[in-house]
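Both ligands and their constituent atoms are indexed starting at 1 by order of listing. Along the sequence shown, the residues carry numbers beginning at 1. The structure displayed is predicted, hence computed values, not measured ones.
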Amino acid sequence: MATSQSVPALRYVDASFSYGGSPTLTGVTGEVQPGKALALIGPNGAGKTTLLRGILGTVRVSGTMEILGRGDGKVPKGAIGYVPQVADLDATFPVTVRQVVMMGLYAELGWLRRPGASHRGRVDAVLDRVGLTDRANLRFGELSGGQRQRVLLARSIVASPRMILLDEPFNGLDEPNREALLEIIHSVKQEGVAVVVSTHDLKLAYECCEDVALLAGRQIAFGPIDSVLTPDNLQKAYGSRSTDEFVGSGLEEALHVG
Ligand SMILES: Nc1ncnc2c1ncn2[C@@H]1O[C@H](COP(=O)(O)OP(=O)(O)OP(=O)(O)O)[C@@H](O)[C@H]1O
């Protein structure tokens, strides 16, 4: 878990992100302190996932990007937890909930992947934390979508990361699962973990994030949520698109504020 409040967990200055050709996302400047959360907000194709991939080192980044105080991309094993947008696990794959969470320790376990009692204890503790102890031996595919999302979050935090990246984690979740996920995010923040979450859900941003990066192929604005999510900035990001598709997300209300 994080120990220093002075070194940002993530800091980038005029960073650009590309898949090899011309940049997909440009002009990104901002930082996330340990124990704080940043929401990445923007329309489809804005570059939210791309920015997360930049942190993970799977897309090309130019400009400055420092992760946990390092600018060389050499992040300690297990220091970043990741919950992808689309589950990277086939729900029909015969693997138990406990095994899925254990995957979060693979970097520590090495290629033999032989967990000891302490690894099993950590998996049990994190399953308890996400409220799924009684589901531990079920097949992953037998769980509801929201429960699966909680398992994937458990997998991302079992190695005690210093930063977690969540790609649209609340898509399609019902209220109890949404609440459960929010509570876990709040509790890991209290332990000093930095959180970066891509979301279309502005309410979520208000509920758990201090800062927002508003993106639309470039960074429109970065900073405290109230100063970024202004009608003017949202219009810049979303243009003249109908707000119908955002009903319930908080965007429609935000665009009509003031
Ligand atoms: N592997 C890839 N190779 C090339 N271009 C890609 C790749 N993945 C995404 N892109 C492009 O990068 C741009 C940004 O996509 P990205 O997935 O980062 O947007 P997003 O803001 O996360 O969108 P959404 O809200 O729909 O998930 C899009 O134009 C997309 O087509």
Side-chain angles (χ1 to χ4, degrees), residues 10 12-30 32 37-65 67 73 80-90 145-146 148-149 152-153 156 163-173 178 181 185 194-209 211-223 225 228-230 233-255:
L10 176 66
Y12 37 86
V13 183
D14 200 17
S16 294
F17 302 77
S18 77
Y19 288 94
S22 55
T24 291
L25 175 65
T26 59
V28 184
T29 295
V32 189
L38 169 68
L40 308 178
I41 304 264
N44 293 120
K48 304 182 294 293
T49 298
T50 303
L51 200 162
L52 296 178
R53 289 179 181 149
I55 300 168
L56 289 167
T58 58
V59 303
R60 199 168 297 168
V61 183
S62 59
T64 298
M65 172 169 276
I67 300 169
I80 301 180
Y82 177 49
V83 179
Q85 183 174 356
V86 178
D88 49 356
L89 272 173
D90 181 349
R148 276 185 222 160
Q149 198 65 334
L152 295 174
L153 184 60
S156 79
M163 173 158 58
I164 56 172
L165 313 177
L166 308 166
D167 200 349
E168 302 193 18
F170 289 77
N171 277 2
L173 290 198
R178 190 178 187 282
L181 224 58
I185 291 174
V195 176
V196 183
V197 55
S198 152
T199 183
H200 286 281
D201 184 342
L202 301 201
K203 283 187 204 148
L204 163 71
Y206 276 105
E207 282 165 335
C208 71
C209 299
D211 289 322
V212 169
L214 187 60
L215 309 172
R218 63 189 171 91
Q219 184 170 286
I220 307 284
F222 168 87
I225 192 157
V228 169
L229 295 184
T230 62
N233 281 339
L234 288 165
Q235 285 289 3
K236 275 188 204 152
Y238 289 87
S240 56
R241 291 155 54 114
S242 161
T243 55
D244 290 354
E245 63 189 281
F246 303 107
V247 170
S249 72
L251 176 62
E252 198 185 35
E253 295 89 323
L255 283 170

Short list, please: which atoms of ligand 1 are under 4.0 Å from a heavy atom of Ala46? 19 (O), 20 (P), 21 (O)
Calculate, to the nearest 0.5 Å, the distance between atoms CG and CZ belonging to Leu25 and Arg218 respectively. 11.0 Å
Under 4.0 Å, counting heavy atoms only: does Gly42 come that close to any atom of ligand 1? no
Run the numbers for me: atoms of ligand 1, each under 4.0 Å from some heavy atom of Gly47, listed by number. 14 (C), 18 (O), 19 (O), 20 (P), 21 (O)
for atom 16 (P) of ligand 1, nearest protein heavy atom and its distance come out as Thr50 OG1, 3.6 Å
Nearest neighbour of atom 12 (O) of ligand 1 from the list Thr58, Val59, Thr24, Asn44, on a heavy-atom basis: Thr24
Could you check atom 11 (C) of ligand 1 against the protein and tell me its nearest heavy-atom contact, residue, atom and distance included? Tyr19 CE1, 4.1 Å
Output the distance between atom CD1 (Ile41) and atom CD1 (Ile225), rounded to the nearest 0.5 Å. 6.5 Å
Just to confirm, does any protein heavy atom lie below 4.0 Å from atom 25 (O) of ligand 1? yes
Tell me: protein heavy atom nearest atom 17 (O) of ligand 1, and distance? Thr49 CB, 3.6 Å
If you round to the nearest 0.5 Å, how far is CG of Asp14 from OG1 of Thr64? 8.0 Å
Say you draw a straight line from CG of Leu166 to OG1 of Thr199; how long is it, rounded to the nearest 0.5 Å? 10.0 Å
Looking at Arg53, which atoms of ligand 1 are within less than 4.0 Å of one of its heavy atoms? 8 (N), 9 (C)
Tell me which protein heavy atom sits closest to atom 23 (O) of ligand 1, plus the residue, atom name and distance to 0.1 Å. Gly45 N, 2.8 Å
Any heavy atom of Ser198 sitting closer than 4.0 Å to ligand 1? no
Between Arg53 and Leu51, is any pair of side-chain heavy atoms under 4.5 Å apart? no
Any Phe222 side-chain heavy atom under 4.5 Å of Leu38 side chain: yes
Quick one: does any side-chain atom of Gln85 pair with a main-chain N or O of Thr49 as donor and acceptor, under 3.5 Å? no
At less than 4.0 angstrom from any non-hydrogen atom of Glu168, what atoms of ligand 1 do you find? 24 (P), 25 (O), 27 (O)
How many angstroms lie between atom OG1 of Thr26 and atom CD of Gln219, to the nearest 0.5 angstrom? 9.5 Å
Under 4.0 Å to a heavy atom of His200 - the qualifying atoms of ligand 1, by number: 25 (O)
Exam field: side chain Lys48 to backbone Asp167, donor-acceptor pair closer than 3.5 Å: no
Any protein heavy atom sitting closer than 4.0 Å to atom 30 (C) of ligand 1? no
Find all atoms of ligand 1 within a distance of less than 4.0 Å from any non-hydrogen atom belonging to Pro43, and give their numbers and elements. 21 (O)
How long is the gap from CG on Leu181 to CD on Glu207, to the nearest 0.5 Å? 11.5 Å
Any atom of ligand 1 sitting under 4.0 Å from a heavy atom of Gly21? no
